[in-house]
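One structure is given below, encoded as structure tokens.
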Protein chains: 2
Amino acid sequence: METITIKDIAKALHLSTSTVSRALRNSYEINPETKRLVTEYAQKMQYRPNPIALSLRESRSKSIGVIIPEIANNFFSQLINGIESVAYDLGYYVVIFQSHESYEREVAHTNFLVSRKVDGLLISLSSLTTNLLHFQELMTKGLPIVFMDRVPNEIATHKVVADNFEGSYGATQHLIRAGRRRIAHLTSPIYLSITTERLAGYRKALEDHGIAFDEKYVRYFAHGGKDEGENRDGIRALMQLPEPPDAIFSASDRLSTGCLAVLQNEKVKVPEQVALVGFTNSGVADLFNPPLTTVVQPAMEMGQQAMNLLIRLIEHPQAQNNFETMAFKTSLNVRESSAGA
Amino acid sequence: METITIKDIAKALHLSTSTVSRALRNSYEINPETKRLVTEYAQKMQYRPNPIALSLRESRSKSIGVIIPEIANNFFSQLINGIESVAYDLGYYVVIFQSHESYEREVAHTNFLVSRKVDGLLISLSSLTTNLLHFQELMTKGLPIVFMDRVPNEIATHKVVADNFEGSYGATQHLIRAGRRRIAHLTSPIYLSITTERLAGYRKALEDHGIAFDEKYVRYFAHGGKDEGENRDGIRALMQLPEPPDAIFSASDRLSTGCLAVLQNEKVKVPEQVALVGFTNSGVADLFNPPLTTVVQPAMEMGQQAMNLLIRLIEHPQAQNNFETMAFKTSLNVRESSAGA
DNA sequence: CTGAAAGCGCTAACAC
DNA sequence: GTGTTAGCGCTTTCAG
């Protein structure tokens, strides 16, 4: 593993390391001829600056940490695609960790990344995170953080989200226009920003169309759809109401697919008996039985934007006053699962 | 960002940096009392060793690079889960890059990771990689590499794969036992290890059951199922043969879902007209129309094993003679798409 | 038992 | 236009 250093070049060319360093960085005070010599030799020897030495000197690592709930979810993997594409162009390292919806893991991963001196953090909160101290401390220490999708109200920084209210409003309205009146809403724990926003959009759509909001049609899933037992029990309970819903609007990926699975098992006819619309970025929603009407978030663009904002924060630490929350439009893909009654 | 260093501790306690360093590493030659003082103060001040300084000294980064075709694929995201779980326990950083099935990106990402001084590499080859020079050079330089899933024959190192032959044999046999005789095989470019192995299993199963292998029933997809046009054309061509297949066995995730999509569009009845079995780790195969019979790889375990082997290579660079290729059993999940004729 | 000094690779004052 | 030196944070000889 004989990697060549600036020292080696200096020795070979009978120069000092500083001259070599300056020549390589194309400093104006170096003789063009020397420059040529140095760069040519460096080229020939395949010199690559040691990023670790650079990091130590500049006390920045040119790496950023990403903590998301899970990778095995199209929304998040597309988000990562976006992050990565920007990061790679800018020479940044991206280190990804999954919280698996655990507050403890989120904290542990955060600490690990910080101890490893990442230049910034990209976060999508776990569904069980209610205490934000670990992030607040870092913010006050000056570590750049950008939140994505699941964002905290209490922290002032850049945030990148989907327009959840609109997306939710549109989905609910679509169900109403398809003739549905008793529309249930499956969602994640209430402390998540996406939960309240999507709930608000759902509620407003009902009101605007003269349908009374009914709390019993809203169900919160502590595990966000990852616990099959919880899914089954929750949906059964809905269907056993005196006036069971004639439509379900689910607010997250796992809930959307989980709900369809339960309805299939319970032999509930979709869309005849219950229409279904769900948030999901799954690429195979059209293969489902029936094809699933989806609310899709522009995950890739969101990831790119988040990374851009983070870079801005990292490279201009001073101008940290006016933080933006960027909201991206969702799109509604109408398929058979929400066909008219 | 006032991070505390060994120097700060030394100053505060009127000791030398070397004493502090030794105390923290619990060296036997340090006075227990001094040790206590130092560790307590370090604790109180939340001292964390600077990993970058350590890396510079030890010329290793405690980070490993992963290059996979794409993240938005359950097999690979589960693989990453496995890698990550082991890495985190051992304090390693995992840096992930996607080749998006491009040879050029694979090379570029490899170079980037190497220039960033990763301690080792975990690779799953892009479907377009035929030239392995970039990896061979690194191997001779002593960089530990472990290949996963899509592995090269030409390079001697640890490899972690699924038992593709068996998995493929089982799937094909299952179709034969369901009464199918004209079984087509959709697969990736032939230079991938998984392609030849799965093809071999398919072929052997046909032979063992007295069915002649017929080249016209095998179709190679240059884009591995990611190009919808290519999928449609390939499958149409199959279905327009004088004797169209009565079953299709697809060898990759994208081809499995892509194939089902095309068959649905073309109004081909599954399984009545054509039975379908596919390799995929999708978690929603049972929601498909019809529910899809799948060959599933133990991706998580494969990732864990790959990481363990890589660590072994990194931490014991000498014993690099007897390389293992570990093959994991696949499992067949029988669902409606492959029901008897 | 503890301290001084060197060095990992690089850059930036500060000389000359 | 080029060299010398110091320092980023840490460990490890080598001296006491």
Side-chain angles (χ1 to χ4, degrees), chain A residues 1-42 45-63 91 93 114-119 141-142, chain B residues 1-39 41-42 45-63 91 93 114-119 142:
Chain A
M1 237 7 205
E2 2 58 44
T3 75
I4 179 170
T5 74
I6 259 186
K7 210 164 148 187
D8 300 324
I9 302 183
K11 203 173 295 171
L13 265 40
H14 302 289
L15 289 168
S16 75
T17 58
S18 44
T19 305
V20 174
S21 171
R22 279 188 279 243
L24 289 172
R25 328 196 79 238
N26 202 12
S27 160
Y28 64 96
E29 43 183 8
I30 295 290
N31 185 321
E33 176 61 8
T34 318
K35 247 182 222 175
R36 199 183 54 73
L37 236 56
V38 171
T39 48
E40 273 179 11
Y41 187 77
M45 301 302 285
Q46 298 215 53
Y47 168 76
R48 296 274 174 278
N50 182 328
I52 296 174
L54 277 172
S55 291
L56 182 57
R57 241 195 85 80
E58 302 175 356
S59 66
R60 62 198 222 96
S61 55
K62 269 254 179 179
S63 69
Y93 238 42
V114 169
S115 79
R116 286 288 232 138
K117 298 269 190 292
V118 286
D119 295 340
K141 282 192 186 171
Chain B
M1 238 5 206
E2 1 61 43
T3 75
I4 179 169
T5 74
I6 257 186
K7 210 165 149 185
D8 300 323
I9 301 184
K11 204 173 293 172
L13 266 38
H14 303 289
L15 289 169
S16 74
T17 57
S18 38
T19 304
V20 174
S21 171
R22 278 186 279 242
L24 289 171
R25 327 201 79 237
N26 201 14
S27 159
Y28 64 95
E29 42 183 8
I30 295 289
N31 186 320
E33 177 61 10
T34 315
K35 247 183 221 175
R36 200 184 53 74
L37 236 57
V38 171
T39 47
Y41 187 77
M45 301 303 284
Q46 299 216 52
Y47 167 77
R48 296 273 175 279
N50 181 328
I52 295 173
L54 277 172
S55 291
L56 182 57
R57 241 195 84 81
E58 303 176 356
S59 65
R60 61 198 222 98
S61 55
K62 269 250 178 185
S63 69
Y93 239 41
V114 169
S115 80
R116 286 289 231 137
K117 298 270 191 291
V118 286
D119 296 339

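Since the model is a prediction, treat every value here as computed from it, not as a measurement. Lettering follows sequence order; numbering is per chain, from 1.
Side-chain nitrogen and oxygen atoms of A:K7 include at least one within less than 4.0 Å of the OP1 or OP2 phosphate oxygen of C:dC8. Taking side-chain N and O atoms only, A:T19 has no distance below 4.0 Å to OP1 or OP2 of D:dT2.
From one end of the helix from C:dC1-D:dG16 to C:dC16-D:dG1 to the other, with five pairs defining each end axis, the axis direction shifts by 60° (rounded to 10°).
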Walk me through whether A:V118 and B:Y93 qualify under side-chain contact (heavy atoms from CB on, under 4.5 Å). CA-CA 11 Å; A:V118 286; B:Y93 239 41; 3.3 Å; yes

Mind running side-chain contact (heavy atoms from CB on, under 4.5 Å) on A:Y41 and A:V20 for me, showing each step along the way? CA-CA 10 Å; A:Y41 187 77; A:V20 174; over 6 Å; no

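Comparing C:dT2, D:dG9, C:dA12 by their nearest atom to the side chain of B:R57 picks out D:dG9. Looking at the side chain of B:S18, the nearest of the listed nucleotides D:dT12, C:dC10, D:dG9 is D:dT12. Of the candidate nucleotides C:dC10, C:dT2, C:dC1, C:dC10 has the atom nearest to the side chain of A:Y47.
Looking only at atom types and distance, the side chain of A:N50 has no donor-acceptor partner in the side chain of B:K117 under 3.5 Å away.
Along DNA chain C, the nucleotide closest to B:T34 and the one closest to B:L56 are compared, and the more 5′ of them pairs with B:T34. Taking for each of A:I6 and A:E29 the nucleotide of DNA chain C with the nearest heavy atom, the 5'-most of the two is the partner of A:I6.
Within 4.0 Å of A:L15, counting heavy atoms only, lie sugar-phosphate atoms of the nucleic acid but no base atom. Within 4.0 Å (heavy atoms only), B:T5 reaches sugar-phosphate atoms of the nucleic acid but no base atom. Here A:P51 lies out of heavy-atom contact (under 4.0 Å) with every strand.
Every residue meeting the side chain to side chain contact (heavy atoms under 4.5 Å, CB included) condition with A:T19, not counting sequence neighbours, appears here in chain and number order: A:L15, A:S16, A:I30, A:T34.
For A:S21 against C:dA12, a side-chain-to-base donor-acceptor contact under 3.5 Å is absent. With hydrogens and angles ignored, a donor-acceptor pair under 3.5 angstrom links the side chain of B:R22 to the base of C:dG3.
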